[in-house]
Student: 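If you scroll down you'll find the structure; I have some questions about it.
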Protein chains: 2
Amino acid sequence: MASGSAIHDATPSVRQQAVLDAVLDLMVEEGDQLTMDAVARRASCSKETLYKWFRDRDGLLTATVRWQASRVRTGQYEAHALDVAALSESLRDFATTWLGVISSRASIALNRIAIGDAASRKSNLGSIVLANGRFAIGDRLKPVLEAGRAAGLLAFDDTETAFRTFFGLVGRDVQIRLLLGDAITFDAAEIRRDAARAVEQFLALYGQPKR
Amino acid sequence: MASGSAIHDATPSVRQQAVLDAVLDLMVEEGDQLTMDAVARRASCSKETLYKWFRDRDGLLTATVRWQASRVRTGQYEAHALDVAALSESLRDFATTWLGVISSRASIALNRIAIGDAASRKSNLGSIVLANGRFAIGDRLKPVLEAGRAAGLLAFDDTETAFRTFFGLVGRDVQIRLLLGDAITFDAAEIRRDAARAVEQFLALYGQPKR
DNA sequence: CTAAAACCGTACCGTACCGTACGGTTCGCC
DNA sequence: GGCGAACCGTACGGTACGGTACGGTTTTAG
C-alpha cells in the first residue's frame with residue numbers, strides 16, 4: 001500500500017497528475033480518440049500501471065474530471081460587498097471566470113465526454129461534472145447574492161431562482177453552441193463585454209433602485 | 001432508381017420513416033447502444049437495406065436528425081403582434097414550445113449523440129442539430145421581436161443580442177443539466193411558469209414603458 | 001404466371017479497443 | 001552489491017461493432 005496505489009478519491013501523486021494531464025491533452029487534441037493505448041503512449045507509462053492506479057477506463061476519466069475541477073477552482077469571492085460598485089465588480093469577475101471556463105477547450109472536451117457518458121447509464125461522470133461545474137458555482141455565487149440582498153442592493157425571494165437567471169444571462173447559448181462544434185470566436189475582450197452586459201441586465205432585473 | 005434509393009436529402013418513404021422512428025426509439029431507450037444490428041432488429045429490416053438507403057451509420061444518424069427536426073417544426077408565429085398582450089403571448093408560446101422540445105427525451109438523446117459526434121471531426125451532425133435547433137428558432141423568433149420593435153413595444157439595437165438574451169432567460173441551466181443526466185422534474189405546469197417568468201424578465205429588460 | 005427487383009435474416013470479415021500477462025529495466029532500501 | 005517492488009513496453013485474448021455477402025422470401029410489373 002505504498003503511495004502508488006489506487007486513488008479513488010485521494011489526491012493523485014505527481015506522476016499520476018502527469019498522467020491525468022496527458023489525458024486532458026489527448027481529449028483536447030484528439031477529440032474522442034481517447035483510447036487507453038493512446039493515454040499510455042502519451043504519458044509514457046504502461047497500460048498495466050493505468051489499470052493499477054485507476055482500476056479501469058471509467059476510473060481514469062473520473063480522476064481526470066476531478067483533477068481538472070480541482071485546478072479550476074478560483075479564489076473565494078468576498079461576500080462583504082457593501083456597495084453596488086463592489087457587488088457588480090464581484091458579479092463581473094464571476095461571469096468572466098465562468099465564461100472563460102466553459103469556452104476553454106479542456107472544459108468543452110470534458111463536458112462532451114461526460115455527456116456521452118451520461119447516455120449510457122453505466123457511470124456517473126455527468127453528475128461529477130455537474131457537481132464541480134454548475135452546482136459548485138451556484139454554491140459559490142449564492143452567498144454573494146445573499147450578501148447583496150442583506151445590504152439592500154438586491155431584491156429576490158428565492159436565491160436559487162435568482163442564480164439561475166444570472167446563469168442564463170451569462171451563458172445564453174454559448175455552451176450548447178460550443179459543445180455542438182460551432183466555431184465561435186470568443187476572445188478575452190468579448191468575454192469581458194458579455195460579462196458586463198449580463199451583470200447590467202441582472203441588476204436591472206434584481207437591483208434595488210435605492211436603499 | 002425506384003423510390004427506395006438513397007435519400008440524402010429527399011423526404012424519406014413511409015417505410016424509411018418507420019426505420020428512423022426505430023432509431024429515435026432506440027436512442028431514447030438504450031442511450032448509446034445504438035448499433036446498426038439493433039436498429040435492423042428493431043425496425044425489422046436487414047442491415048443491407050440500411051446501408052443501401054442511408055449509405056453508412058453517419059447517413060442514418062443524419063437522416064434521423066432531419067426527420068426529428070421536420071416533425072418538431074411548429075406553426076408559424078404571427079408577426080403582426082400589435083399590442084403588448086399579443087406580443088407577450090407569442091413569446092410565451094415560443095418559450096413554452098422550446099422548453100418542451102429541449103426537455104423531451106428524444107431531443108436530449110439526439111443532442112447527446114450530436115455532441116459526442118462533434119468531438120470526432122468526422123461528421124457534421126453537430127452543425128445539423130444547431131441549424132435545426134438553436135439557429136432555426138432564432139430565425140423564427142427574430143421577426144416577432146422586430147415586429148414588436150416596429151410597433152414600439154420593444155427597444156433594442158441588435159436583434160441577435162436581444163434574441164440571445166431571450167434564449168438565456170428561457171433556457172438558463174436546463175439543457176446542460178439534462179444533457180449531463182441531472183434528473184430534473186419538468187412538467188407542463190412548470191414549463192408554463194418558467195416561460196411566463198422568462199417573458200416577464202425579457203419585457204422588463206427590453207420593453208418600452210409606453211408608446 | 002413468370003421474371004426481376006427489393007428485401008429479410010443471418011453468417012461472416014476486419015478492425016478497434018478494453019483489459020491482462022509477461023519479460024526486461026529502473027530505483028529504493030538494506 | 002544484492003534484493004524486491006514498481007514500472008515500462010509490448011504482445012495477446014476476447015469482444016463489440018461497422019460494413020459486406022448470400023441464400024431464401026416477398027413484392028411488383030407485365
Side-chain angles (χ1 to χ4, degrees), chain A residues 1-8 10 12-23 26-27 29-64 112-113 116-117 119-123 125, chain B residues 1-8 10 12-23 26-27 29-64 109 112-114 116-117 119-123 125:
Chain A
M1 290 291 170
S3 67
S5 197
I7 61 168
H8 292 109
S13 71
V14 175
R15 180 76 178 103
Q16 289 169 342
Q17 292 176 12
V19 171
L20 299 181
D21 281 331
V23 175
L26 273 181
M27 280 182 180
E29 293 170 23
E30 301 300 326
D32 65 342
Q33 302 298 340
L34 194 70
T35 141
M36 298 298 277
D37 278 282
V39 171
R41 235 176 300 124
R42 178 62 149 259
S44 294
C45 72
S46 76
K47 285 171 63 177
E48 196 174 28
T49 304
L50 288 184
Y51 285 99
K52 186 177 189 177
W53 285 348
F54 306 102
R55 189 185 338 237
D56 56 8
R57 186 174 191 272
D58 214 69
L60 178 63
L61 293 182
T62 302
T64 304
R112 278 177 179 158
I113 289 180
D117 192 279
S120 71
R121 273 81 73 184
K122 309 198 64 173
S123 167
L125 267 189
Chain B
M1 291 292 169
S3 67
S5 197
I7 62 169
H8 292 109
S13 70
V14 175
R15 179 75 177 103
Q16 289 169 343
Q17 292 177 10
V19 171
L20 298 181
D21 282 332
V23 175
L26 273 181
M27 280 183 181
E29 293 171 22
E30 301 300 325
D32 64 342
Q33 301 297 342
L34 194 71
T35 140
M36 299 296 279
D37 278 281
V39 171
R41 236 177 298 124
R42 178 62 150 260
S44 294
C45 71
S46 76
K47 284 170 65 178
E48 197 174 28
T49 304
L50 288 184
Y51 285 100
K52 186 176 189 178
W53 284 349
F54 305 102
R55 187 187 333 242
D56 55 8
R57 185 174 191 273
D58 214 68
L60 178 62
L61 293 182
T62 302
T64 304
R112 279 178 178 158
I113 289 179
D117 191 280
S120 70
R121 273 81 71 185
K122 308 198 64 173
S123 167
L125 265 189

Student: Using the salt bridge (charged side-chain N to carboxylate O under 4.0 Å, His left out) criterion, which residues pair with B:Asp21? Sequence neighbours excluded.
Tutor: B:Arg71
Student: NA contact type, B:Arg41, heavy-atom cut-off 4.0 Å: base, sugar-phosphate, or nothing?
Tutor: nothing
Student: Among residues at least two apart in sequence or on other chains, which ones pass salt bridge (charged side-chain N to carboxylate O under 4.0 Å, His left out) with A:Asp56?
Tutor: none
Student: Does B:Trp53 place a side-chain N or O at less than 4.0 Å from the phosphate oxygens OP1/OP2 of C:dC7?
Tutor: yes
Student: Do you know which two heavy atoms are closest between B:Leu20 and B:Ala63, and how far apart they sit?
Tutor: CD1-O, 3.8 Å
Student: Could you encode protein contacts along nucleotides 16-25 of chain C as a string, one character per nucleotide from 5' to 3', using B for base contact, S for sugar-phosphate-only contact and - for no contact, with a heavy-atom cut-off of under 4.0 Å?
Tutor: -SBBBBB---
Student: Whole-Å distance between D:dC7 C1' and A:Gln16 CD?
Tutor: 13 Å
Student: Tell me, please, which residues at least two apart from B:Gln17 pass side chain to side chain contact (heavy atoms under 4.5 Å, CB included).
Tutor: B:Pro12, B:Trp67
Student: List in chain and number order the residues that pass salt bridge (charged side-chain N to carboxylate O under 4.0 Å, His left out) with B:Asp37, two or more places apart in sequence or in another chain; answer none if no residue qualifies.
Tutor: B:Lys47
Student: Please give, in whole Å, the distance from D:dG19 P to B:Leu60 CG?
Tutor: 10 Å
Student: If the condition is side chain to side chain contact (heavy atoms under 4.5 Å, CB included), which residues does A:Glu29 pass it with, not counting sequence neighbours?
Tutor: A:Asp25, A:Arg42
